[in-house]
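Scroll down for the structure; my scribbles are underneath it.
Order of the sequence lines fixes the chain letters, A, B, ..., with proteins taken first and strands second; residue numbering starts at 1 for each chain.
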Amino acid sequence: MAVISYREALRAAMREELKRDDKVVIMGEEVAQFNGAYKVTEGLLKEFGPKRIVDTPISEAGFIGLGIGASMLGIRPVMELMFWSFSYVAFDQIVNNAGNIRYMSGGLINCPIVIRGPGNGGTNVGATHSHTPEAILASHPGIKVVCPATPYDAKGLLKAAIRDNDPVYVMENTILYNDKGEVPDEDYIVPLGVADVKRVGTDLTIVAHGRAVITSLKAAEILEQEHGVSVEVVDLRSIRPLDEETILASVRKTHRALLVEENKPFCGVDAQVAYLIQSKAFDELDAPIHRVSSIDAPQIYCKRMEDQQLPDVNRVVREALKVLA
Amino acid sequence: MAKPAVLTHPESLKRPAGPSEYAKDPVNAALSKAEKIALYTKMARIRHFEQRCIRIYQQGKIGGFLHLYVGQEAVAAGTISLLGKNDHLITGYRDHGHGLMVGMGMNECMAELTGRVTGCSQGKGGSMHYFAPDKNYWGGHGIVGGQAPLGTGLAYAVKYMGLKGSCLVYMGDGAVNQGAVHEAYNLASLWDLPVIFVVENNGYSMGTSQERSTAHPGCLAKRAEGYNMAWDVINGHDVYEVRAKTAIALKRAHEESKPTVLEIFTYRYFGHSMADPDKTYRDKEEIKEYREKKDPVLAFEQELLREKVLTPELSQKINEEAMAEADKAAIFADESPDPTVADITKHIYWEEDNRGPKTTSRGTIIFE
Ligand SMILES: Cc1ncc(C[n+]2csc(CCOP(=O)(O)OP(=O)(O)O)c2C)c(N)n1
Ligand SMILES: [Mg+2]
């Protein structure tokens, strides 16, 4: 097993899939000659040439829609959004077109498109560039959404996404791009819709996705060291499909749940998870479910305040202790 | 792929910088000595403000993005110097120059960059989101092309209210490929709105040269013909030319309520943002050429020295004062307080900030 960064893991996934399937095309702003705004696609143009690695103008509605159209004829475009925030310019294409085409054609048309890029706050760039649209997009049947937290999951989920026959939207995190982790040398995928228990515990279940998983793991360590509680951390990895069974199994074991996400609270992913737990494991709960999410406001620019707006380790610890009280 | 057509540059851009042939244009001839000095001073202030920002960024006090306007000063200076009471403007994220031109203070601009509550947007917007609606400046927009329909709407409102005014909508050469821009073009022309779309063509959108991003019939402005709009190309290194040609578009907006597309050729000296190492997509020589031969601030200084409006001493004084002002602003930005956690949830809804009998809704609006 090699130790590589989250960024390298994503790149490795694309390289391997480009080699495996000549229908795979990488497209987006600055992905080719500039080697990617965040260098995720670095070196791919050199290795695969301009037919496979394509720079686009700043026309998200146009090129994302084009990718969706091409996917209907069997191309497997992997579209990079410089930020998921820019997907809002292409909302009609990614929701109305990609999300509905199979259904409205009575199953006649596949739409194997992948759209990937960072969808996170915490980088001091203000409200228009800090959206986390996983909940908005996952609320549309027809669309799949994944949010990897580690290099292993980033590679495995992206490869699964590329092989999937439906639209899969991969939300990465710029703050995680340099994080390192072990990744197998041989071919593997992480199937969409399979959560992962990132830490085993007995007293409390924390459910999280994306960078909130990393925050939660740090909080779990403090809770163990300083408060003597054993915390289990369930990483959703995939928002839709959602691995209900892994969440419920953990809650049945610990009888307490804290849900952590970097989204805003209203209609967040964890609103759905909370409903799931109370509807299918109500009798298992020894305490009400708590949530930690971003403070409910557009993303503030001021870095010091943005760090407060996002869930941090202290807030997770505090809230965990409330659930355990 | 078909080779793009050769660009139609304004004639003046092809000649080496020298005395401006637009010095005698009525809008420039009408300027008093004091007004010319004021215009130069504003350009120098933009230059020094931006250069001070670089240092603050390098000290780690500005996070996120910082897009500098150095090299493009004559565009904001020339166009905005013509505007009157009912003329409005809106731009993208490269928005500091426009802000200083409309009269925003260096303090509030600098403090916004460091995220302070004393910033123009109280530390909520940052570099890309300056606003001064009291000065007809509607931002500061981070999403490429997103400001084009907004500016068209401002022009619509001006016309609706029966005012003789306009809205200048600034965008980059990369923005012209956004659908929103084309939809705005069509609406502006279809409804005879007093808009001036100002394409600040600095040759690149991030690391993509304009040739690699855009299919065009000779220049970007000419796309206006497809929408039955007037257009012109302008040498953006000559503030007199910018003023002379913008004045024509402004007259068209004021007198006929018709839109115009102006493409102003300009150049940015630094990377796309401070995060761009600027090493791969353009030649060091190219940057040097522009800096040395076409610098808009220097060119205007020379022009005014020739006109005997400026003396070397006065010019030096102006520049020193601008530098000192930027230094002071940097200290102000350093010493100002941050917003508080309670501030995070302010300015989301009018009624939350203005509780009272006038509110029209009930129920929870900001969630725990
Ligand atoms: C919708 C959208 N897509 C992409 C971006 C990222 N981005 C910011 S500026 C920029 C380049 C714009 O270039 P141009 O329009 O030429 O303006 P310039 O930066 O040269 O002033 C890009 C791709 C964005 N902010 N919004
Ligand atoms: Mg440009």
Side-chain angles (χ1 to χ4, degrees), chain A residues 29-39 50 54-63 65 82-83 85-90 92-93 122-131 264-268 271 290-310, chain B residues 1 61-65 93 112-117 119 121-129 140-146 172-182 205-209 212-215 272 275-276 280-281 338-341 343-348 364-368:
Chain A
E29 291 158 22
E30 308 290 350
V31 296
Q33 287 199 19
F34 195 67
N35 279 314
Y38 287 101
K39 304 293 168 238
V54 185
D55 276 327
T56 67
I58 311 168
S59 312
E60 285 84 1
F63 73 77
M82 209 176 276
F83 284 87
S85 288
F86 306 157
S87 71
Y88 294 14
V89 170
D92 179 55
Q93 300 299 330
T123 56
N124 196 196
V125 290
T128 58
H129 283 52
S130 305
H131 291 289
K264 308 298 179 325
F266 193 53
C267 300
H290 282 226
R291 290 173 69 193
V292 175
S293 39
S294 280
I295 293 176
D296 195 20
Q299 205 79 6
I300 194 166
Y301 168 75
C302 172
K303 173 75 175 130
R304 277 86 50 197
M305 286 306 113
E306 191 187 14
D307 290 344
Q308 303 277 316
Q309 186 172 13
L310 288 162
Chain B
M1 260 182 260
K61 292 177 184 164
I62 303 175
F65 295 131
Y93 44 83
E112 188 57 36
L113 300 182
T114 55
R116 305 302 188 182
V117 73
S121 303
Q122 304 196 18
K124 293 192 158 174
S127 167
M128 302 192 285
H129 308 108
H141 293 266
I143 299 298
V144 169
D173 49 288
V176 300
N177 299 312
Q178 280 292 32
V181 172
H182 287 265
S205 48
M206 286 189 76
T208 304
S209 69
R212 291 206 302 121
S213 71
T214 308
H272 166 72
D276 166 19
T280 47
Y281 57 89
D338 279 338
T340 62
V341 172
D343 288 335
I344 296 176
T345 44
K346 282 190 196 137
H347 310 128
I348 305 174
T364 307
I365 196 160
I366 296 172
F367 294 84
E368 292 276 340

> Based on non-hydrogen pairs under 4.5 Å, which of B:Ala175, B:Gly207, B:Gly146 is most in contact with chain A?
Replying inline: B:Gly207
>> Given heavy-atom pairs under 4.5 angstrom as the criterion, report whether the side chain, backbone, both or neither of B:Ile348 touches chain A.
In response: side chain
>> Given heavy-atom pairs under 4.5 angstrom as the criterion, report whether the side chain, backbone, both or neither of A:Ile295 touches chain B.
In response: side chain
>> Does any part of the side chain of B:Gln122, heavy atoms only, come nearer than 4.5 Å to the side chain of B:Asp343, both counted from C-beta?
In response: no
>> Can a side-chain donor-acceptor contact be found between B:Asn177 and B:Thr214 if the only test is distance below 3.5 angstrom?
In response: yes
> Among A:His129, A:Gln308, A:Lys303, A:Glu29, who wins on heavy-atom pairs under 4.5 Å with chain B?
Replying inline: A:His129
> chain A: which of B:Asp338, B:Ile366, B:Val144 shares the most heavy-atom pairs with it under 4.5 Å?
Replying inline: B:Asp338
>> Please classify the contact of B:Ser121 with chain A as side chain, backbone, both or neither, using a heavy-atom distance under 4.5 Å.
In response: neither
> Would you call A:Val89 and B:Gln178 a side-chain contact if the rule is heavy atoms closer than 4.5 Å?
Replying inline: yes
> At a heavy-atom separation under 4.5 Å, does B:Thr340 approach chain A through its side chain, its backbone, both, or neither?
Replying inline: backbone
>> Under a 3.5 Å distance rule, please check whether A:Glu306 uses its side chain to pair with a backbone N or O of A:Tyr301 as donor and acceptor.
In response: no
> Is it the side chain or the backbone of B:Met128 that comes within 4.5 Å of chain A heavy atoms, both, or neither?
Replying inline: side chain
>> Using a 4.5 angstrom heavy-atom cutoff, name the option from B:Pro339, B:Ala180, B:Ser127, B:Gly179 with the most pairs to chain A.
In response: B:Pro339
>> Working note: A:Phe34 + B:Thr280, criterion side-chain contact (heavy atoms from CB on, under 4.5 Å); need CA distance, chi angles, decisive distance, verdict.
In response: CA-CA 7 Å; A:Phe34 195 67; B:Thr280 47; 4.1 Å; yes
>> Closer than 3.5 angstrom, by distance alone: can the side chain of B:Lys124 be matched with the main-chain N or O of A:Pro298 as a donor-acceptor pair?
In response: no
> Non-hydrogen atoms of chain A under 4.5 Å away: do they reach the side chain of B:Phe65, the backbone, both or neither?
Replying inline: both
> Side chain, backbone, both or neither: which part of B:Ser205 has a non-hydrogen atom closer than 4.5 Å to chain A?
Replying inline: both
> Any chance the side chains of A:Gln309 and A:Lys264 put a donor and an acceptor closer than 3.5 Å?
Replying inline: no
> So which of B:Ile143, B:Val117, B:Val176, B:Ile62 has the biggest tally of heavy-atom pairs under 4.5 Å with chain A?
Replying inline: B:Ile143
>> Hydrogens and angles aside, do B:Thr208 and A:Glu30 bring a side-chain donor and acceptor to less than 3.5 Å of each other?
In response: yes
> What part of B:Asp276 lies closer than 4.5 angstrom to a heavy atom of chain A: side chain, backbone, both or neither?
Replying inline: side chain
> Is the side chain of A:Asp55 donor-acceptor paired with the backbone N or O of A:Ala32 at a distance under 3.5 Å, no angle test?
Replying inline: yes
>> Given heavy-atom pairs under 4.5 angstrom as the criterion, report whether the side chain, backbone, both or neither of A:Thr123 touches chain B.
In response: backbone
> Is chain B contacted by the side chain of A:Phe63, its backbone, both, or neither, given a heavy-atom distance below 4.5 Å?
Replying inline: neither
> Which bit of B:Glu368 comes within less than 4.5 Å of chain A, counting heavy atoms only: side chain, backbone, both or neither?
Replying inline: backbone
> Where does the angle between the aromatic ring planes of B:Phe367 and A:Phe266 fall among parallel (under 30°), tilted (30 to 60°) and perpendicular (over 60°)?
Replying inline: parallel
>> Centre-to-centre under 6.0 Å for A:His131 and A:Tyr88, is that the case here?
In response: yes
>> At a heavy-atom distance under 4.5 Å, which candidate from A:Gly62, A:Pro265, A:Ala127 has the highest pair count against chain B?
In response: A:Pro265
